[in-house]
Structures are given as C-alpha cells and as structure tokens.
Asks: 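Got a structure here, written out as structure tokens. Questions coming.
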Amino acid sequence: MNPMSLKENRVHGRPMYPISVYHMECAPGGTVLECHWHSEFEFILVTKGRAVFQVGTGSFELTEGEAVFVHSGEIHAGDPVGEAGCSYSAVVFGAELLTGSMDLVQEKCVDPLLQRVCRLPVKITGAAEWGAEVIRLLGRMLESSAEETASQVLATKGLLLLIMAQLFSQGEAGEVPKAALWKTEQIKTALHYIHEHYQRTIRLKDLCLLTNMSEGHFCRVFRSVMQYSPIDYINKYRTQQAAKLLERTDKKIAAVAMDTGFENISYFTSVFKTHMGVTPSQFRKGTAGA
DNA sequence: CAGAAGGCAAAGCATCCGTA
DNA sequence: TACGGATGCTTTGCCTTCTG
C-alpha cells in the first residue's frame, strides 16, 4: 500500500504561479474540511464562526480571525463547533513560490521545512504581536491573490514572504522526531485503505496488518494522530458519504446504507443520527429542494 | 536508560437480529 | 425506520519486553 495515494489530487495554482485561494462556507452540522494531505503548504483563516482543525497530531480550535499553518505533507481536517455554521479562507501554495532559484531562502527556509528539520508554529492568533501581524498580512494576501496582474502577483509573493518571515521568527527549532513521522506515514496508509474500502467491511485487524502494529497499539497511535478511534473515524467518513448520497440521489435509505459499508440499516440509522443529529429520512426531508 | 511497541484482561461499545 | 437485547469486537490501562 502506497501512502502517497492518499494525497489530494487537486492541482493548486499552476507551475508558473503555484498558489490557490479558496473561500468556503460550512452550514451547521456540515463538514468544514475532510481529512486529506498534500505536498503544498497551507494557511486556513476562519472568517466567521468557530471550527476545530486537526493538523498533524494536534487539534486547534479557531474563532473568527484566527488561523492555522499546515506544513507540507501534514494530514489536516476540520469540524465546525457549535450550532452556527462557519466560513474560512484557505491559501494553498507550493514551496517553489517562496524562491525562484537556489538561493539563501531555499537553503535556510524552504529546504529545512521540506526536509522536516524545522517546524513553524501551527496556530496563529492575534494574542501575540507576531500573530496579529500574520493575520493582518494574510487578510491582505487573500484580497490581492484573486487576480494575476503584475502588481497583485508581486504583492501576493511579497506578503507571503513577510508572513513566512514572521513564522520563522517564532520557529520551533529542532528536527521532527522520526518516530512521529513514521506514525503519521502509517496512519496515512490506514486512512487511504479506509477511504478506498469504506463500502466494504473494514476490520481493525486489516488496518493492523497494513501498518504492522498490534491492535491495541494501532488504536492508541490512530487516536494520537487523528483524535478519533479507528471505528469512530470510519463511521464518521461513512456518514459523510451517506449524507452526500442522500442529498444527491433518490436511492432508498437501505441502499445508501449498503453503499456506504453499513451492513445493517438499524445500525446505520443510529450512527447517522449520532453524527448528523437527525435520522437519514429527516436529513433527506431537510435537504430536499435545497 | 528512556521511549516505543507488544501482551493481556476488563470494560465499553459496535454490530447484528428480531420485532413492531 | 426505530428499538431492545445478545454477542463479540474495539478500546484502554497497566505491565513487560524490545531497541537504540
């Protein structure tokens, strides 16, 4: 199993200008950001409401005006907090945007980040001066990166360099422990297996065989990385897929349950209600015509 | 020696089945 | 589709073993 295949396939920007900006809105009870990873770096800035973002092995609750930085290759996901929905803007950019050639920026900043021998702060709030500055620059960059005129392209790149300079001024020295990297890679392998096989029965034993861990140890490692137990995560993922099918198709509820790996309809109903707050039929009525 | 991983047992919870 | 009960799988805590 190749963990690389869990990687998000979406292309962010283009080779000459590897940056993309996304503005997302999440309705109450919806998913902010499904679990994934990519080789680009990313900033996520909450613009309305509250959400919990899981980045690598950490979990960060953000309110309006707070952000997280996602390192290259790091698993990340998001869930809304509270009954109100939330909005966020994300900037995804390739390391190539920071430097155009083999210069000191490449040697002192980009390479250590890509080789994971240095790590930058993840949660960014306005509480500290540097954080407030990053949030301010991020806001400006979100405005300037929408178009590709000469002045806006320059402004975006300049702002990005200033933001990275602020983060490096707070950088956590020291190499990321190899054990932590290994754990993350193993969990990526398990996640890929779950995403590929959620329509069938998935046993803990299967995931343990893939990752060469004992069942007990796998549960502990999975929870430490994902904040959920393996079965919790599988059910959450299946429920999200089922919600999409209920919304986008007129398949019967029993068929949706079967298509998303639930062999038992009553169990499907109870899991769905736990995660979504309503039964599948109530969910469909609520989204009909929406 | 410290941290990571495995083994084991108990408790909790997921899953299935029958029924309304 | 929902509910209740039975069964067995999953999770967790604690201790031991392994590895660098």
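Just so we're on the same page: letters track the sequence lines, and every chain starts at 1.
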Asks: Which whole-number value in Å describes the distance from A/Lys205 NZ to C/dG8 C1'?
Replies: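 The answer, rounded to whole Å, is 11 Å.
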Asks: Grouping I, L, V, M, F, W and Y whenever their side-chain heavy atoms are under 4.5 Å apart, do A/Phe41 and A/Phe168 come out in a common cluster?
Replies: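 Yes, it is one cluster - the side chains of A/Phe41 and A/Phe168 are joined through contacts under 4.5 Å.
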Asks: Applying salt bridge (Lys or Arg N to Asp or Glu O under 4.0 Å), can you list everything that pairs with A/Glu74, at least two apart in sequence or on another chain?
Replies: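 So A/Glu74 forms a salt bridge (Lys or Arg N to Asp or Glu O under 4.0 Å) with A/Arg119.
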Asks: Tell me: CZ of A/Phe268 to P of C/dC3, nearest whole Å?
Replies: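 Rounded to whole Å, this separation is 15 Å.
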Asks: Determine whether a donor-acceptor pair (N or O, by modelled atom type, separation under 3.5 Å) exists between the side chain of A/Lys123 and the backbone of A/Glu61.
Replies: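 Here the side-chain-to-backbone pair exists.
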Asks: Applying the side-chain contact (heavy atoms from CB on, under 4.5 Å) test to A/Phe262, which of A/Phe272, A/Tyr198, A/Phe268 qualifies?
Replies: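 Going through the options one by one, the only one that passes is A/Phe268.
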Asks: Base contacts versus sugar-phosphate-only contacts with protein, heavy atoms under 4.0 Å: please encode nucleotides 11-19 of chain C as B, S and - from 5' to 3'.
Replies: SBBB-----
Asks: I'd like to know whether the aromatic ring centres of A/Phe60 and A/Phe53 sit less than 6.0 Å apart in this structure.
Replies: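 Not close enough - the centres of the two rings lie 6.0 Å or further apart.
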